[in-house]
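Single-structure report; data block below.
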Amino acid sequence: MATRLSTAATAALMALLATTATARDYSGREKLRAQSAQFRREVIQVASGVYVAVGYSASNVVLIQGADGSIIVDTATDPTAARAIVEAFGTRLRRPVRAIVYTHSHPDHTGGARVFAGDDAPDIYAHELFAKATPDAGRAGREGGDQFGMSLPAAQFINAGVQAEFGRVVPPTRDGYLPPTRTFGGEALSVSIAGVRVQLLYTPGETPDTIAVWLPDARVLMPGDNFFRAFPNVAPIRGSRLRNPEAWVASLDRVISLVPERVVPSHTRPVLGAAAATATLTAYRDGLKSIVEQTLDGIRKGERPDELVAHVKLPPALAAHPFLQEFYGGLEWTVRGIYADQVGWFDGNATKLLPLSEKDRATRQVALIGGVDGVIERGRAALTARDFTWAAELADYVLVNDGAHAEARRLKAAALTELAERQVNAIARNYYLTTAQFLLKDLPPR
Ligand SMILES: [Zn+2]
């Protein structure tokens with residue numbers, strides 16, 4: 001984990017940034033700031049006897065009141081967050097808790113179960129694939145980056161896209177986790193819990209073990225992480241496999257066909273009202289489906305990833321839809337992820353069948369440009385010209401063979417910081433900024 005910026009390093013970075021251009025487009029950052037309103041702490045009544053606690057944890061917790069007890073859907077990140085939610089629910093949480101439902105296995109949905117269970121020994125429901133869920137491979141911290149921005153100073157951190165934060169205040173812990181006691185296979189499980197009819201529907205999407213929770217009487221849908229106010233994270237950068245986008249679209253089809261009147265996602269605020277629920281779920285499905293179809297079409301025509309990302313976009317009618325903005329998942333990452341999944345790692349260019357090593361290529365690039373000093377000079381010029389990705393790439397030509405080169409580290413950190421400040425995508429912002437912080441660590445002041 002990268003450590004916080006030293007004061008000297010911050011001052012050095014600020015001085016460097018001050019020398020760059022003054023005209024800046026920070027509209028992405030401002031949109032991401034506005035997204036934080038989605039995590040304002042509130043217990044929202046969704047329907048008679050159904051409440052959702054938003055903003056108390058990385059994920060929402062839903063309380064369903066029954067005749068002789070309660071049902072809890074998802075359990076927050078950790079016991080500290082779960083206790084805050086129990087307090088916020090107050091007397092609305094009628095003991096005993098008869099059942100807990102996990103929409104999927106991610107830690108921010110399963111880490112507070114012990115607190116909600118108390119001494120009530122509830123049944124704990126999940127899909128049978130829950131047990132087969134594999135943790136992400138742990139690439140999140142490589143190169144000093146981190147999509148959640150856990151080590152960023154408060155002044156730089158905005159949010160984590162679909163959550164206020166994950167693991168920043170309370171380190172992730174599994175102390176509050178309880179394993180499922182009632183799993184099901186196949187497409188659905190219908191049960192009656194505390195007098196409430198509940199249907200659990202197998203809806204793979206963000207994870208292969210995702211279930212949607214459907215209350216047919218109140219017409220409330222809880223789609224887990226298959227739907228929220230941000231483009232879905234189909235191809236995560238953190239070390240997961242592609243999340244099957246065709247299965248995801250089919251799962252959205254399935255929940256749309258229920259005609260819900262209230263949709264309560266596990267992140268961001270609920271959508272209330274039949275018309276809004278159907279329109280929003282449909283737009284979400286159509287947006288994802290269009291990206292998948294355009295990408296597969298292009299692949300069939302023989303297009304390479306760089307060609308695909310140049311033209312695969314949301315349809316104009318959906319481009320500005322508030323639920324399809326790239327606060328969390330990225331369109332370009334989705335396209336590249338689908339390509340790799342469908343076609344493999346090779347982009348079709350024979351030169352890249354057995355390419356030069358990156359060290360070899362960097363040595364030759366540096367020589368072409370006129371030596372290390374020339375590369376740094378051009379990198380600074382690129383920074384001034386607001387050509388930030390190129391500036392970072394020039395720094396890489398030096399860093400590949402000399403990772404300790406102070407000026408190259410400063411150059412790359414400045415370029416990544418500028419890129420971060422223009423991002424609407426929280427994952428990219430947090431990863432850029434924590435990498436920059438890592439690059440400036442232990443550098444002497446200039
Ligand atoms: Zn989640």
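Both ligands and their constituent atoms are indexed starting at 1 by order of listing.
- At a cut-off of 3.5 Å, with distance as the only test, no side-chain donor of T203 or T210 sits close to an acceptor on the other residue.
- Taking the charged nitrogens against the carboxylate oxygens, K289 and D286 have no contact shorter than 4.0 Å, which rules out a salt bridge.
- Under 3.5 Å, the side chains of Q294 and S290 contain a donor-acceptor pair of N or O atoms.
- Annotation: protein N, O or S atoms under 2.8 Å of the Zn ion (ligand 1) (waters excluded) comprise H109 NE2, D225 OD2, H267 NE2.
- Under a cut-off of 6.0 angstrom, the local environment of CZ in R241 is sparse, with at most 12 non-hydrogen atoms contributed by other residues, nucleotides or ligands.
- In this structure, the side chain of E418 does not engage the main chain of A414 through any donor-acceptor pair within 3.5 Å.
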Output a table of donor-acceptor pairs, distance under 3.5 Å, between side-chain atoms of residues 191-202 and any protein atom two or more places apart or on a different chain; print 'none' if there are none.
unit_1	atom_1	unit_2	atom_2	d
R197	NE	D217	OD2	3.3
R197	NH2	D217	OD1	2.8
Y202	OH	P208	O	2.7

